[in-house]
Undergrad: 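So that we are looking at the same thing, I have put the structure below in structure tokens.
Any value given below was found using the heavy atoms of this structure, including those in side chains, with hydrogens, waters and symmetry copies removed. Here is the naming used below: chain letters follow the sequence lines, and residue numbers restart at 1 for every chain. Owing to the predicted nature of the structure, the values given are computational and were not obtained by experimental measurement.
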Number of protein chains: 2
Amino acid sequence: MAGAAGRKVRRATMNDVARLAGVSIKTVSRVVNDEPGVHPATAERVLAAIDQLGFRRNLSARNLRRGSSTGTIGLVLEDVANPFYSGVTRAVEEISRLRGRQVITGSSDEDPARERELALEFCSRRVDGLLIVPAGLQHGYLVPEMRAGTPVVFLDRPAGDVVADTVLVDNIGGTIEAVAHLAAHGHRRIAFLGDAPDIFTANERLRGYREGCVRSGVGYQEDLVVMGPHDERSIASALHRLKGFREPPTALVAGNNRITVHVLRALANVVERPALVGFDDFELADLLSPPVSVIAHDASALGKAAGDLLFARLDGDSSPPRRVVLPVRLVPRGSGEVRA
Amino acid sequence: MAGAAGRKVRRATMNDVARLAGVSIKTVSRVVNDEPGVHPATAERVLAAIDQLGFRRNLSARNLRRGSSTGTIGLVLEDVANPFYSGVTRAVEEISRLRGRQVITGSSDEDPARERELALEFCSRRVDGLLIVPAGLQHGYLVPEMRAGTPVVFLDRPAGDVVADTVLVDNIGGTIEAVAHLAAHGHRRIAFLGDAPDIFTANERLRGYREGCVRSGVGYQEDLVVMGPHDERSIASALHRLKGFREPPTALVAGNNRITVHVLRALANVVERPALVGFDDFELADLLSPPVSVIAHDASALGKAAGDLLFARLDGDSSPPRRVVLPVRLVPRGSGEVRA
DNA sequence: CGCCACTATGACAACGTTGTCCGCGAGTGG
DNA sequence: CCACTCGCGGACAACGTTGTCATAGTGGCG
């Protein structure tokens, strides 16, 4: 059992190592960086000294001196605890690891000020690249960074006022498909429960819903739309209100994974359940009864696509900014295949 | 629409700002750090220059010069994508934010070498503190760091061979309770599906299971224990094998959230389902049918406790290392209350 | 009018590392 | 035996920032 007892000790530097090994500091540097031109016996002595002192090279100093890469990628998202974003995080981490980079993450909680604060903090740390799930619409603050050559990729939502690489999912197409699917099962009164309309994806999905209603010949009815922000309570009361309509909706489209879960919870003890299609897939959706039909898209694919784009830029790709839209697919599992 | 077009530009330094504002670099530093003794008009000029150049102070240089805090906390866990750990991550992020720190995370995937690599990388970055979910049993490599004053807190599992702050959950107590609960409902053949026994929590929970069997008068039966590592397939085949017994188990204890989910999937279309209690709570457990009874413990509580411990150390607490064991509680929801 | 206290600013070194360049000694070919 | 190369190691500056100390200006006061 080794303890950490004893006086707090100053951290060893290359100088200390050099002194102990009886060589110059530059030689230590050479050993640490696997540079050629060091006699094996000398290297041995240096390594022994490093081990004895527990020396770890100071990356702040290294980064400062080298000026180029800090070996870090900044990732700003809405909430790491949301399974969708933690999937994205994992994918980004994975691809970064292959490229020898560490990931620094931060949750913005949909607060534009917090997003900006995090992103700028990351820039101060001189991250090699930034991946951002935008909370706000103003990203002019990133222009100096981009000018200085820091690649920025926007994820899941586009930036408001800068032109940059962006990876999105097909929100509109997905919602159109959801509505079409429900309409094909005879539903004519299809409600939409969406997130706050100033969130890009929420708005796009609303547009898709509207378009889907029109295309499916159902007709768009304002009163069947309930936009957020939502929590469990507000979803429950919205459902209650909809149910009180003279012609209540027979089907629901839920705008994202959290809303879907809230809907499921609100409907838990209801006998006459409306048909349901949720946007975003989630674990256990297939094990619920009825299993929940969803518009699925892959968090890892999103993270990977964004990461690929970012690293391509780091590798020197200077083509015009790209916008990648990842496909979604309807996964019918039961909850959406109930006839009206 | 601002573009990032134009030549790639060198990043502005304090020197550039100083020249543009017609002051010395030290004055710029004073403004940036809100130090007193700068004439308001001068500060104004400096701020304008900063804005014009898009200057962001280089934290590598700052950290190097100041030598003290880098404003970062390193978090090594098993897999950010696992909801349990992403909950921990979020809690750590939250508490770090309040203390003005950024969190750097890395997933070890249960690989001791990877854990070590990540932790040492973080040390090279001179993180202010380390939070580690140990993958291995050897942590001697951290001794120099701890000597140098970097606080280390182990999370969810203890370290193998160093004495340090540790936050655990009551694995043994929880599993004992699970077994007792099932026994109270008349079960005499209770199987245990656990993770790889070299994982601390898996082993502790196995011990708890064994103890629980003894205490409940059920008797410990070797052949009802199936340890991992597990995936969906292996769980399915284990269940199949157990079912073939002359006296098949009438109840199951699942060793962690992933195993529980695998069990649920394997049992999805089975009519005669054994009673089930899972270790770890998970979202939607209450909405399944039957709702899944679990031994619940709080990921955020774990993250918060560890963070509190870490920051207490950073604030100078030098009392002997502590071991905190967080309570768990049985949440009966249905799946565990089936009579034998 | 000379001295002091005080404000506003600047010159300079140092943090730990790495890139550049230089030197020493041994081996090698003519 | 000399000139030249090659392998190895070291001295020194520089990265961008901040702490220390010095200094110029300013106004008050005896």
Undergrad: More 5' along DNA chain C: B:Ala61 or B:Gly37, using each one's nearest nucleotide?
TA: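 The residue whose closest nucleotide sits nearer the 5' end is B:Gly37.
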Undergrad: Going 5' to 3' along DNA chain C, which nucleotides are the first and last within contact of chain A (any atom under 4.0 Å from a heavy atom)?
TA: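 Contacts span C:dG16 to C:dT20, reading 5' to 3'.
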Undergrad: Please state how far atom CZ in B:Arg62 lies from atom C1' in D:dG19, giving the value in whole angstrom units.
TA: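 To the nearest whole Å, that distance equals 12 Å.
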Undergrad: Could you tell me whether A:Ile25 contacts a base, only the sugar-phosphate backbone, or nothing, with contacts defined as non-hydrogen atoms closer than 4.0 Å?
TA: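 Here A:Ile25 touches the bases of the nucleic acid.
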Undergrad: Within this structure, what is the OG-CD distance for the pair B:Ser107 and A:Glu93, rounded to the nearest 0.5 Å?
TA: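 Between atom OG of B:Ser107 and atom CD of A:Glu93 there are 3.5 Å.
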Undergrad: Mind jotting down which residue pairs meet the salt bridge (charged side-chain N to carboxylate O under 4.0 Å, His left out) criterion with at least one end in residues 20-44 of chain A? Sequence neighbours excluded, please.
TA: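 As it turns out, there is no salt bridge (charged side-chain N to carboxylate O under 4.0 Å, His left out) pair with a partner in residues 20-44 of chain A once direct neighbours are skipped.
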Undergrad: Starting from P on D:dG9, measure out to CZ on A:Arg30 and report it in whole angstrom.
TA: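 Interatomic distance, CZ of A:Arg30 to P of D:dG9: 8 Å.
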Undergrad: Would you tell me whether A:Thr150 and B:Arg11 have side-chain atoms, one donor and one acceptor, within less than 3.5 Å of each other?
TA: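 Present: a donor and an acceptor within the cut-off.
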Undergrad: Within less than 4.0 Å of OP1 or OP2 of D:dG9, is there a side-chain N or O belonging to A:Ser24?
TA: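 For D:dG9, OP1/OP2 do not have a side-chain N/O of A:Ser24 under 4.0 Å.
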Undergrad: With the threshold set at 4.0 Å, does a side-chain nitrogen-carboxylate oxygen contact exist between B:Arg322 and B:Asp317?
TA: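 Looking at B:Asp317 together with B:Arg322, the answer is yes, because their closest N to O distance falls below 4.0 Å.
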Undergrad: Which residue lies toward the 5' end of DNA chain C, B:Thr42 or A:Met14, if each is placed at its nearest nucleotide?
TA: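 Checking each residue's closest nucleotide, the 5'-ward one belongs to B:Thr42.
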Undergrad: May I ask you to say what B:Gly67 touches in the nucleic acid, namely base, sugar-phosphate or nothing, with a heavy-atom cut-off under 4.0 Å?
TA: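 Nothing: the residue B:Gly67, judged by heavy atoms under 4.0 Å, touches no strand.
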Undergrad: Do the side chains of B:Phe55 and B:Asp16 get nearer than 4.5 Å, heavy atoms only?
TA: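 The answer is no; the side chains never approach within 4.5 Å.
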Undergrad: Look at all strands and tell whether A:Val23 reaches a base, only sugar-phosphate, or nothing, counting heavy atoms closer than 4.0 Å.
TA: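 It contacts sugar-phosphate atoms only.
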Undergrad: Calculate the interatomic distance between B:Asn63 atom CG and D:dG19 atom C1'; express it in whole Å.
TA: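 Result: 16 Å.
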Undergrad: Considering every strand and a 4.0 Å limit on heavy-atom distances, what is the contact class for A:Arg57: base, sugar-phosphate, or nothing?
TA: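 Sugar-phosphate, no base atom in range.
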Undergrad: How close do B:Ser319 and B:Arg313 get, heavy atom to heavy atom, and via which atoms?
TA: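 Shortest heavy-atom contact: O-NH1, 2.7 Å.
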Undergrad: So which one's nearest nucleotide on DNA chain D is more toward 5', B:Arg11 or B:Arg66?
TA: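 With B:Arg66 and B:Arg11 compared, the 5'-side residue is B:Arg11.
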Undergrad: Roughly, in whole Å, what's the span from NZ in B:Lys26 to C1' in D:dT20?
TA: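 Nearest whole value for this atom pair: 8 Å.
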Undergrad: Just call it for B:Val32: base, sugar-phosphate, or nothing, with non-hydrogen atoms closer than 4.0 Å on any strand.
TA: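 The answer is nothing, as B:Val32 stays clear of every strand by at least 4.0 Å.
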Undergrad: Using a 4.0 Å heavy-atom cut-off, does B:Ser29 contact any base of the nucleic acid, only the sugar-phosphate backbone, or nothing at all?
TA: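 Answer is base: heavy atoms of B:Ser29 come under 4.0 Å of a base.
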Undergrad: Taking the side chain as C-beta and beyond, is there a heavy-atom pair between B:Leu75 and B:Ile104 under 4.5 Å?
TA: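 A side-chain contact is absent here, since even the closest heavy-atom pair is not under 4.5 Å.
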